[in-house]
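Worksheet: one structure, shown below.
These numbers come from the heavy atoms of this one structure, side chains and all, not from hydrogens, waters or symmetry mates. Just so we're on the same page: letters track the sequence lines, and every chain starts at 1. All values reported here derive from a predicted model rather than from experimental measurement.
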Amino acid sequence: MTIEANHETQAPVELVTLTIDDVSVSVPKGTLVIRAAEVVGIEIPRFCDHPLLEPVGACRQCLVDIPDAGNGRGFPKPQASCTIEAAPGMVVRTHLTSDVAATAQRGNMEFLLVNHPLDCPVCDKGGECPLQNQAMSHGRGESRFHETKRTFAKPVPVSAQVLLDRERCVLCARCTRFSEQVAGDPFIALVERGAQQQVGIGPSSDGAEGAPFHSYFSGNTIQICPVGALTSADYRFRSRPFDLVSVPSVAEHDACGAAIRVDHRRGAVMRRLAGDDPEVNEEWISDKDRFAFTWSRQDDRLRTPLVRDENGDLQPTSWPGALAVAGRLLESVRGSVGVLPGGRLTLEDAHAWSAFARVALGTNDVDFRSRATGPEEADFLASHVAGSGLGVTYDQLARARRVVLVALEPEDEAATIFLRLRKAVRAAKTQVVTIASHLSRGSEKLGATLVPAVPGQEVAALAGLELGAGDVVLVGERAALVPGLLSALATLGAGVRLAWVPRRAGDRAAVEAGLLPNLLPGARPVAVAEARADLAAAWGVAGVPGVRGRDLATIVDDAADHAVLGLLVGGVEIADLPDPARARAALAAAPVVISLEVRRSEVTEHADVVLPVAPPVEKSGTFVTWEGRRRGFATALHEPGSVTDTRVLAGIAEEMGRPLTFRTPADALVDHDSIGRWDGAAAGGPSAAPTAPAGPPAGHVVISTWRQLIDDGRGQEGQAEYSATARPAVARASAATWSSLGVPETGTVVLGGSATFSVVVDDLPDGVVWVPGNNGVNLRELGIGHGSVTTATTGAESTHE
Amino acid sequence: MSIKGNLWDPVAGFGVTFRTMFKKVVTEQYPFEKVPTAPRFHGRHQLNRWPDGLEKCIGCELCAWACPADAIYVEGASNVDVLPDGSPDESGRFSPGERYGRVYQINYLRCILCGLCIEACPTRALTMTNEYELADDSREALIYEKSDLLAPLLPGMTEPPHAMMISDDHQDYYRGKQLPIVEADE
Ligand code: SF4
Ligand code: SF4
Ligand code: SF4
Ligand code: FES
């Protein structure tokens with residue numbers, strides 16, 4: 001048997017042939033014996049070995065006998081198969097054919113169990129524990145140890161969400177190797193020696209002992225710990241593996257499409273684990289993808305349709321009744337409805353929203369962006385993102401010569417990209433350059449070269465980079481706020497590959513479905529008559545509207561000014577919109593507001609009809625990742641009352657007498673694919689000039705900001721332990737900036753008149769202050785975004801430190 | 001069959017009837033008279049307590065796992081040693097150690113009284129009584145909750161939640177340590 005050359009190493013691989021338990025096997029040079037044995041179906045017991053971590057040989061469970069190391073001489077003693085590379089002519093005997101190996105493994109198991117507590121009945125790993133399983137398959141069965149076992153105080157929290165039970169640890173160093181090698185947060189380490197050796201909280205970056213294990217990826221250590229030494233505070237004592245129904249799914253918190261496994265019991269999700277997808281997230285996910293799953297079962301979850309009665313109160317109504325009212329109201333203001341579907345839709349639902357806007361409402365006033373944006377973005381998305389298919393992939397990122405991050409912080413905004421880049425950087429394959437206000441902790445872990453840029457002036461920094469073939473540019477959604485930046489990126493030289501990395505899971509699908517004022521499904525420009533005719537024919541309607549629609553800001557403005565009479569709103573968080581106050585005015589002013597949402601929100605208070613839709617866990621669908629990869633997922637929880645956006649919109653369209661060509665998500669996807677990609681000329685790209693630099697006026701600063709991975713977003717509610725691991729909300733600026741503002745370096749700063757942050761001195765350009773977007777205070781409420789100029793005054797003395 | 005045989009058969013049959021009339025009656029007059037079961041009869045389950053009243057069940061679900069009829073439902077939870085307001089009252093403790101069974105149900109419409117669950121129980125929390133009157137007129141009534149299954153409080157036991165009274169080390173419970181003897185006040 002032979003392992004094929006995998007596609008990452010396109011060059012023919014050099015094979016070595018060895019014999020394992022009398023079976024001859026050829027494997028690529030450098031393969032470990034334990035892995036070569038897997039190829040022929042021989043499973044050697046193991047604890048510390050993990051294919052994605054560097055070999056360490058810590059647990060000694062994988063001992064095999066090697067009578068011939070390939071040079072005619074054997075090893076005198078059993079060897080750890082997870083640290084020995086296959087050699088030509090090597091002869092290996094595992095426990096299956098060698099008493100030496102079997103005895104060694106049994107002996108080692110006995111040593112591991114000497115100090116292991118009899119905790120299985122109270123241990124969360126019980127039932128899925130490699131130590132339990134391998135003690136049964138390779139252990140002695142009866143204990144000969146009658147002395148007193150070593151004990152430790154238990155459990156000790158290494159962070160709010162990871163609990164450590166040192167008695168159970170087998171010192172395999174998987175957790176510490178993961179933290180150091182994969183996540184780059186070496187906060188835990190093996191400390192002490194001998195029988196007292198244990199996992200401990202290591203020194204923090206500033207050298208202080210005992211810093212809690214703060215890492216955005218800490219949950220992975222719980223999953224890879226081969227015993228129940230690391231357990232999840234959230235999942236503690238919740239259930240047993242045989243209680244759980246596991247469904248493979250896709251994480252809904254970012255545009256990375258990480259594979260996850262949803263484990264549920266009696267109609268409630270108990271936990272989520274990382275799935276295994278070598279093309280996307282390998283075996284790792286962020287803590288957000290792992291722990292933030294309770295948001296859809298909070299008390300404010302909507303379960304029945306609501307219709308506002310004469311007294312202005314929302315009354316529960318039947319589905320047919322609510323759809324009829326929604327249809328009647330929308331028909332009454334048809335031609336003057338703005339559509340805001342939000343950025344969390346599956347491709348199927350996005351397509352339904354797009355068809356509903358064009359066919360049922362006859363409008364292009366539709367914009368999926370529920371965030372601050374700029375004038376160039378819609379054209380950039382139409383010309384450079386829509387219909388571009390599978391562009392830059394994770395695999396290509398890992399092999400790129402240089403990756404340039406523009407207005408993107410992968411650790412916070414696209415965690416899977418961060419891990420893949422870090423792996424490539426550690427393999428010395430890729431160099432990362434970041435255009436940002438400062439070197440964030442995430443960028444530091446990527447060994448990134450900083451090209452410092454005052455927010456708003458990134459274009460100049462980009463121009464100085466001399467991009468060429470082999471370079472990959474990843475641009476984040478904040479780039480839309482920088483005048484001229486997307487225009488500059490749209491005209492990069494040949495050979496430079498560009499990918500747009502949005503933050504929300506549905507953004508890319510929304511672009512493909514044409515949820516923009518200038519774009520129809522399949523990258524059809526609104527401005528091109530043939531593209532419109534093509535689409536109208538596919539949908540069997542006389543025509544689709546041909547004028548460029550209003551964008552988010554215009555819809556909101558016009559609704560507040562009574563120029564737009566109806567609003568059809570999806571899962572939009574008002575506080576995230578560019579101007580929340582104006583958006584509230586618009587909702588209050590619009591005579592017709594129809595809302596499709598999972599949980600009560602600010603929109604509910606203004607809605608005439610509220611139609612509850614299913615969260616991702618209760619529906620099936622397809623997310624589209626930033627790469628353009630489709631990530632289908634199946635329904636995890638079958639809730640009879642949960643309906644998709646597609647079903648609701650198709651129902652309203654029928655009530656309006658303008659039916660869509662599909663009713664179910666599956667048919668919506670078929671419709672989307674049969675319409676296909678427009679083969680005519682793509683839409684023109686943006687062309688805007690950067691603004692000339694101007695320093696902020698006295699007492700003002702330029703804000704650099706993004707949302708941290710763990711913040712106050714509504715998608716992360718209901719997980720106290722998880723939220724407790726958020727990074728503290730601090731404001732960063734250079735010492736010169738703080739002193740020119742008169743803010744003491746141990747004090748606090750008040751931004752925009754009301755948002756108070758503790759002060760940290762960091763290496764930022766003068767006059768620039770970085771603050772997190774939504775930790776403690778949502779900056780959008782103050783009208784502050786990336787590149788805003790705002791006031792900064794000194795606040796009360798810091799209570800921190 | 002001969003004619004003689006046909007005539008003789010009823011006589012032989014009535015002979016048996018006649019003889020039985022003079023034997024001791026074995027019919028049990030249940031439900032008017034109850035006869036004790038065999039001592040190891042598999043009857044309704046019981047969740048036992050430690051001598052201080054704490055529950056022995058640790059919510060491990062091994063009984064549910066062992067049950068061939070899928071009749072047992074268990075949810076574990078953490079023993080809370082401090083009250084929500086932070087006072088060290090230990091009043092959230094139901095069993096020694098870290099974990100207890102928060103929800104415990106046995107569905108007697110499913111249970112076949114095989115006893116595999118009590119063999120699986122690592123703490124001897126679950127045993128069977130000789131109680132066999134398990135009939136009722138609704139499905140809910142035959143799902144026994146933890147409150148229906150818990151053993152009654154014997155003298156010296158205190159209703160949980162309360163702190164560990166036998167020892168601060170939960171291992172001592174398993175080693176069979178007894179309640180400290182407290183001298184009665186004069
Ligand atoms: S780690 Fe495994 S063997 Fe150890 S107590 Fe937990 S379940 Fe049992
Ligand atoms: S805590 Fe778990 S993963 Fe870490 S060294 Fe111990 S056994 Fe290994
Ligand atoms: S009764 Fe016994 S086996 Fe069942 S959950 Fe309780 S301790 Fe575990
Ligand atoms: S698996 Fe080989 S030493 Fe641990």
| Quick one: is the NZ or CZ of B:Arg102 closer than 6.0 Å to the six-membered ring centre of A:Phe237, and within 45° of its axis? | no
| said: Are there over 12 heavy-atom neighbours, none belonging to B:Tyr30, within less than 6.0 Å of that residue's OH? | reply: yes
| For A:Leu118, does the CG atom sit with more than 12 other heavy atoms under 6.0 Å from it, leaving out its own atoms? | no
| field | Heavy-atom pairs under 4.5 Å with chain A, option from B:Gly97, B:Ser78, B:Ala64, B:Pro122 with the top count | value | B:Ser78
| said: Around atom CZ of B:Phe18, are there more than 12 heavy atoms from other residues, nucleotides or ligands closer than 6.0 Å? | reply: no
| request: Quick one: pull up CZ in A:Arg266 and CD in B:Glu75 and give me the separation to the nearest 0.5 Å. | output: 7.0 Å
| task | Check the surroundings of atom OH in B:Tyr132: do more than 12 heavy atoms from other residues, nucleotides or ligands lie under 6.0 Å from it? | result | yes
| More than 12 non-hydrogen atoms from neighbouring residues, nucleotides or ligands closer than 6.0 Å to CZ on B:Arg124, yes or no? | no
| So, for A:Asp124 and B:Arg99, which heavy atoms are closest and what is the spacing to 0.1 Å? | OD1-NH1, 3.9 Å
| query | What's the shortest heavy-atom distance between B:Glu61 and A:Asp243, and which atoms? | reply | OE1-OD2, 2.6 Å
| Value rounded to 0.5 Å, distance of CD in B:Glu98 from CG in A:Leu163 | 9.0 Å
| message | Is it true that, when you exclude A:Glu147 itself, more than 12 heavy atoms of the residues, nucleotides or ligands shown sit nearer than 6.0 Å to its CD? | response | yes
| Which portion of A:Arg240 sits near chain B, non-hydrogen atoms under 4.5 angstrom | both
